[in-house]
Amino acid sequence: KLYLALQEPQRKMQKDGYYPVAYNPKVKMFINLFKEREMRAHLRKTGFRVLWVDRRNPDFATEFPFNKLFIAAEKIR
């Protein structure tokens, strides 16, 4: 089984890139953003079946400003 915890864009204009860390705005971290549809396609191509998907909004005080996307999958091939 596989569990993924990912950053998902909230708006179309949000892209992969360097974003300030919430607790230290002087520090930037590179963040890859993934959409659910994109991850489902990757998982299907590599022989996984999605078991469930969940998401939540970010805590802007402590997290990057993207949805939190959670996916559980299992290998079928």
Do side-chain atoms of E36 reach the backbone of E8 as a donor and acceptor pair under 3.5 angstrom? no
Decide whether F70 and L43 are clustered together by the hydrophobic rule: side chain heavy atoms of Ile, Leu, Val, Met, Phe, Trp, Tyr closer than 4.5 Å, transitively. no
Is there a path of hydrophobic side-chain contacts, each under 4.5 Å between heavy atoms of I, L, V, M, F, W or Y residues, that connects L2 with L51? no
Pairing residues for F60 by the ring pair (Phe, Tyr, Trp, His ring centres under 6.0 Å) criterion, not counting sequence neighbours: none
Closest non-hydrogen contact found for D16 with Y19 is C-CE1, 4.4 Å
Give me the atom names and distance for the closest heavy-atom approach of P20 to P25. CB-O, 3.7 Å
Which pairs count as side-chain hydrogen bond (donor to acceptor under 3.5 Å, both in side chains) when at least one residue sits in residues 60-72, sequence neighbours excluded? Q7-K68, Q10-N67, R56-E63, D59-T62
So does Y3 have more than 12 non-hydrogen atoms from other groups sitting under 6.0 Å from OH? yes
Is L4 reachable from I31 through a run of I, L, V, M, F, W or Y residues, each pair having side-chain heavy atoms under 4.5 Å apart? no
Side chain to side chain, M39 and V53, heavy atoms closer than 4.5 Å: no
Heavy-atom pair with the smallest gap, counting every atom of V21 and M29: CG2-CB, 4.3 Å
What are the two closest non-hydrogen atoms of L69 and K35, and how far apart are they? CD2-C, 4.2 Å
Would you say CZ of F30 has more than 12 non-hydrogen atoms from neighbouring residues, nucleotides or ligands within 6.0 angstrom? yes
Can you tell me how far the CZ atom of F66 sits from the CG atom of L33, to the nearest 0.5 Å? 4.5 Å
State yes or no: do I71 and F34 share one hydrophobic cluster built from I, L, V, M, F, W and Y residues joined by side-chain heavy-atom distances below 4.5 Å, directly or via other members? yes
